[in-house]
Each structure stands twice: as C-alpha cells, then as structure tokens.
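What's counted below: heavy atoms across the whole structure, side chains too, no hydrogens, waters or symmetry copies. In what follows, chains carry the letters A, B, and so on, assigned in the order in which the sequence lines appear, proteins first and then strands, with residues in each chain numbered from 1.
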Number of protein chains: 2
Amino acid sequence: MAARKVPTSRRDRPAKPALSRQWIVEAALGIARSEGLEKLTMRRLAQELDTGPASLYVYVANTAALHAAVLDGLLGEVDLSGDEGATDWREQLFAVMRSYTLVLFAYPQLARSALVARPGGANYLRLVERALDLLSRGGATREQAAWGVDQLLQSATATAAEQSAREQDPAAADDWNATVHALDTASATTHPAIAAHMPALIGGTPEERFRWGFDALVNGILHTPAPVAEE
Amino acid sequence: MAARKVPTSRRDRPAKPALSRQWIVEAALGIARSEGLEKLTMRRLAQELDTGPASLYVYVANTAALHAAVLDGLLGEVDLSGDEGATDWREQLFAVMRSYTLVLFAYPQLARSALVARPGGANYLRLVERALDLLSRGGATREQAAWGVDQLLQSATATAAEQSAREQDPAAADDWNATVHALDTASATTHPAIAAHMPALIGGTPEERFRWGFDALVNGILHTPAPVAEE
DNA sequence: ACCTGAACACCGTTCAAGT
DNA sequence: ACCTGAACACCGTTCAAGT
C-alpha cells in the first residue's frame, strides 16, 4: 500500500488521457448527468481529470463557458424528427418542444442557465430551424414564426427550469408547497378571485398544463398580427 | 486613532441596532439594490449588520430563504392599479404585467430565482388576484384564467431574467451577441428557414416583442379551451 | 433565547514557475 | 504551448461556548 492516499471518488482509469477541450466537456457532461449541475465546478472537474483547476483554464474561459458547452452538448439529444406518424405540423411541433423540455428536465438546473445564456451552438440552430419550418407550414407569417419560436422556446425552457428544480431540490419543492398553501388559504374576502378560481389554480397534471400552454401559445402566435419589419 | 481597523465599506451608523428579521431583510434589500443579488451573501450581509454570519441563522433558514424574502419585498413595488385612464381590461392587464417586469428588471438576477422558487407572500397573492380578475373580465373561463395567469407570469419572469442579465452581465451580453451572430451567419443551404426569417429573427425592439408576446399569449388564452376540472 | 468565534468544507480565478 | 502548485479572496453552514 502506498502512503499517498488516492482520492476515493476517482475510479481507476487505464491511463491519464491528454487534456483537450473535447475531453473536458465530456467529463463535464458526465458530472452534470450523475451529480447535477451544481456539482459541476472547476475544482470537481479538475479532480475527475486528475489535474488541478488551473489546467482547465487553458481550454475553458470560465465556469459560464463550461456550462454553455455542456448545454450545447445536451441539445444534441433533442429529437427533431418529431412524431413520425403525424403529418400534422402542430403535432410534430409539439413533439419537438416536448423532446426539448424532456432533455432539459433530465439535467436539472441547466434550463436556468439556458434562459440567461442562450446557446448559439449547432444544435440550437438545428432546433430553431426545425421549429421555424413547422410554424411556417402552420400558416405563420415570417414575423409570427420568428417571434413565435422565441416565445415557444422560452416557455419550454422556463417550464423545465421550474419543474425540474421542484423535483430535485427539496427546498424548491417546499417553496412550491408554500405557494400552493398560500393560494389555498387566501381568504375569500380579501382575495375573492383566487378563491373563485381555486380548484383550477392548483389543478391539472403537468402534462395537461404543458399541452394547454403549447396550444394557447401556438393559437396566439397564429392569430396575432406582428408589426412588419421594414426592408 | 484606535488600533482596531473598522471595515472601510461600513458607513458609520449612529448605533448598532438590534438584530431582527425585518431589519435583516431590509439590509438585504439594500445590498441587492446597490450591488446586485450575487453580492447578497450571508457573509456580506453579516458584515453590513456588524455581526458574524452565524448570527443571521437565528432569523433566516438559509440563503434561498433570504432571496425569497427579498423578492417578496420587491413585489410590493409592482403597480397593480394598472393604467388608470384605460377602462379596457386588456390595457390594464398589460400595464400590470409591464410593471411586474420592470420591477424584476430593476433588480437583476432576482427574476431567475423567481422562476425556480415561486414567491408565496402577500404581494404575490395580490398580483395573482388582480390578474385573475382582469382576465375574467376579458371573458376567460375559470380554467383559462387560472392557467393563463400562470403562463403570463412565467413569460414576464423569463423575459426579465433574460433581458436584465443581458444588460448587466457583460458575459451574458457576449452570449447574446454570439447567438445573433450564429443566426446571422447560418448558411442558407444548411439552414434555409433561418435564412428566410432573418430580418425578423433578430429584429424588433424589446418593447415591440414584449407587447406582441403579451397579445399573443392573451389571445391564445382566450381562444384555447382548457380541460374542465372535475367537481 | 439570542448571539458569537472559530472551524469545516468548499468555491473561482490568477500567476509565477516549470516542462 | 501546455500544465501546475500555491495562493488570493471569497463562499454556506454548523456548533460549542458564551451572555
């Protein structure tokens, strides 16, 4: 037995591979997948790669850039083919947005960073391309499609950020319960509208709400004229 | 001159006031206001209050609870009266959502935590109450109003999170520019839809987009039937 | 009951020095 | 050019000890 203690968390690897941006991002994906984004720190990542944190800065500018790279990689898992059986553009678009949401769902906390630092990678472009095409097929004008895709992606991202945080983080779940309780016990005299809408406010499965939100947004996009841009 | 060095950042106050939850939250609001949410740490707050971080835990469970308390305080600044001149429910609702967005705008990074940890305080309830009432007046069913308010608040919160991060954080602004550049240089052969929608995709003022997004959402809410809850 | 000092277990990032 | 040890300047949270 050597006197030097080897960090227990490191499974033995055949050999220490050379550092490279690709290898770093892959390792980062692994940590995000298995331990969550909040554990994906420069120090933790360096430990996984058998080096010191300073070494990573040769390939990654900072933590935000690391998160962006991980997000871009994950967007590759979004299924753009849509529902193959459906010829209906709406059902195909729904399937794509659902797949996008599920991908963000699977990696908690990443959706939050997607809201702030929008991805601009190849996979994000593919997603936008596909959504634009489907909305156009649905009869949206150029302006409606362009701004509508923005709304749809933002809505899906926000839903994933909210929902997945709730499922993973006990504190966030407590917050949600507190909100439900606050709505539930709001006095009928001080908050008549809340009382009147009560079963509906907290009702519905997440799936029902997601589907309705999608349909409402798509209907609104198609029926609301956008200001036409100048030449 | 005393030998003991007084922290330079502390402006001299008449006397050290007794700790209390209210006083702590007020000091926290001050830091969030002047230095941003990311500077609002337990240690920084303790320093501002002339004590050690451990003392705060008597009144505040953890950092998340602190942020939630600050957010709840800020929601008190939302103008619920709406546009007094307008008798139109839609314009009033727009004014309320706009005010909500502007409040979140003024305190960068707070919108992000609002997405994850929904506030459940008195000010949040007032906002929901008002929005429900206005949507009902617009002809929404109970289910449409209940789920619609959720969508409207989520959309406004996400917009604020996105936009304010972009304005405050140079790194987030860079990300945005990178996204714009990626869209702009997307090849017409590999991404025909993006190329075809190009002026619109990055066009429009934030105000135009916000207004259109609001109208699209409201129109969708009113024209999309929601599943009726059981008794 | 309230408050505190000190400690534990972490962070991101930089930089001079090595190879 | 790439990699590193060590340091700087921070974090949140706990806990035993004080008042």
Checklist entry - How close do A:Phe214 and A:Leu152 get, heavy atom to heavy atom, and via which atoms? => result CD1-CD2, 4.0 Å
Value in whole Å for how far the [atom2] atom of [N] lies from [atom1] of [X]:
X       : N      : atom1 : atom2 : value
B:Tyr59 : C:dA1  : OH    : P     : 13 Å
A:Leu45 : C:dG12 : CG    : C1'   : 13 Å
A:Leu40 : C:dC10 : CG    : P     : 16 Å
A:Ile24 : D:dC2  : CD1   : C1'   : 11 Å
B:Lys39 : D:dA9  : NZ    : P     : 15 Å
B:Gln47 : D:dA9  : CD    : P     : 14 Å
B:Arg21 : C:dC3  : CZ    : P     : 14 Å

Checklist entry - Within the structure, does a side-chain N or O atom of B:Thr41 lie under 4.0 Å from either OP1 or OP2 of D:dC11? => result yes
Checklist entry - Would one find a side-chain N or O of B:Ser55 under 4.0 angstrom from OP1 or OP2 of C:dC2? => result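 So the side chain of B:Ser55 is outside the cut-off, no N or O lying under 4.0 Å from OP1 or OP2 of C:dC2.
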Consider the side chain of [X], meaning its heavy atoms from C-beta on, and name the nucleotide among [options] that approaches it most closely.
X       : options                : result
B:Met42 : C:dT13, C:dC3, D:dT13  : D:dT13
A:Arg44 : C:dT4, C:dT14, C:dC11  : C:dC11
A:Thr63 : C:dT13, D:dC15, D:dG12 : C:dT13
B:Leu19 : D:dA6, C:dT4, D:dC11   : C:dT4
A:Asn62 : C:dT13, C:dA6, D:dT13  : C:dT13
A:Tyr57 : C:dG5, D:dG12, C:dT13  : C:dT13

Checklist entry - Within the distance-only criterion (no hydrogens, no angle test), does the side chain of A:Glu143 pair as donor or acceptor with the backbone N or O of B:Ala200 below 3.5 angstrom? => result no
Item to check | Check: A:Arg209 side chain, A:Gly203 main-chain N or O, donor-acceptor pair, under 3.5 Å | outcome: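 Yes; at least one donor-acceptor contact below 3.5 Å.
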Next on the checklist: The test is side chain to side chain contact (heavy atoms under 4.5 Å, CB included); show your working for A:Leu29 and A:Arg33 and say whether it passes.
Outcome noted: CA-CA 6 Å; A:Leu29 260 162; A:Arg33 230 177 276 256; 3.5 Å; yes
Next on the checklist: Taking the C1' atom in each of C:dC11 and D:dC8, what is the distance between them to the nearest angstrom?
Outcome noted: 12 Å
Next on the checklist: Only pairs with both distances under 3.5 Å count, Watson-Crick or wobble alike; so what is the partner of C:dC10 in this structure?
Outcome noted: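 Base-paired to nothing in any strand shown.
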Next on the checklist: With a 3.5 Å limit on both atom pairs, tell me what C:dG5 is paired to, counting Watson-Crick and G-U wobble, or say none.
Outcome noted: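 By the stated definition (distances under 3.5 Å), D:dC15 pairs with C:dG5.
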Item to check | Comparing B:Leu56 and A:Ala61 on DNA chain C - which has the more 5′ nearest nucleotide | outcome: B:Leu56
Item to check | B:Tyr100 vs B:Leu75 side-chain heavy atoms within contact, under 4.5 Å | outcome: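 Of all side-chain heavy-atom pairs linking B:Leu75 with B:Tyr100, at least one is under 4.5 Å.
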Checklist entry - 5'-most contact on DNA chain D: A:Arg43 or A:Val58, nearest heavy atom basis? => result A:Val58
